[in-house]
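None of the values given here were measured: they were computed from a predicted structure.
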Amino acid sequence: MVYSVSALTCDALPDIQNGIWNSSKREFLPGDSISLNCNAGFDMDGSQTFVCTMEGKWTTADGVVDFHMPQCIDNSKFLVCSSILNLFN
């Protein structure tokens, strides 16, 4: 008798405003990874790289299961805050 074990797959992660995933695949096998790159002028808030598990779930590269989706934040907002803070130092 032959038994087969099929691993679950992970669906593609959602599009992120002002960012692009390094793969256009719609389905990922366990062990596959995907990384997010923010467009010019935007900085990453959150994890950049995710890995598909044998259970068909995404984790961060360091194994965190309960994560918030990353965002690409306009870095000019950081520059304004930083400039204002420098006025008081």
Indicate yes or no for a side-chain donor-acceptor contact from Trp21 to the backbone of Pro14 under 3.5 Å, with no hydrogens or angles considered.
yes
Can you confirm whether more than 12 heavy atoms, excluding those of Asp62, are under 6.0 Å from its CG atom?
yes
Could you measure the distance from the CD1 atom of Ile73 to the CZ atom of Phe42? Nearest 0.5 Å is fine.
9.0 Å
For Pro30 and Met54, the nearest pair of non-hydrogen atoms, with its separation, is CB-SD, 3.5 Å
Give me the atom names and distance for the closest heavy-atom approach of Leu8 to Glu55.
CD1-O, 3.2 Å
Atom CG of Asn39 and atom SG of Cys72: how far apart are they, to the nearest 0.5 Å?
6.5 Å
Over all atoms of both residues, closest heavy-atom pair of Gly56 and Cys10:
C-SG, 3.4 Å
Please find the pair of heavy atoms, one from Met44 and one from Pro70, that lie closest to each other, and give the distance.
SD-CB, 3.8 Å
Spell out, yes or no, whether Met69 and Ile34 are grouped together once hydrophobic residues are joined by side-chain heavy atoms under 4.5 Å, including indirect joins.
yes
Less than 3.5 Å apart, any donor N or O on the side chain of Asn37 or Gln48 sitting next to an acceptor on the other?
yes
Is it possible for you to say whether Val64 and Leu36 belong to one hydrophobic cluster, with membership spreading through side-chain heavy-atom contacts below 4.5 Å?
yes
Check the angle between the aromatic planes of Phe28 and Trp58 and answer parallel, tilted or perpendicular using the 30° and 60° thresholds.
perpendicular
Minimal non-hydrogen separation, Lys25 against Ala12, with atom names:
O-CB, 3.6 Å
Gap between atom OG of Ser23 and atom CG of Asp32 - 0.5 Å precision:
8.0 Å
Nearest-0.5 Å distance that lies between atom CZ in Phe50 and atom OG1 in Thr60:
7.0 Å
Give, for atom OG of Ser47 and atom NE2 of His68, the distance between the pair rounded to the nearest 0.5 Å.
7.5 Å
Shortest non-hydrogen pair, Cys52 vs Leu29, comes out as CB-O, 3.4 Å
Distance-only side-chain donor-acceptor flag, Thr49 / Ser35, under 3.5 Å:
yes
Distance, nearest 0.5 Å, that separates CZ of Arg26 from OG1 of Thr9
12.5 Å
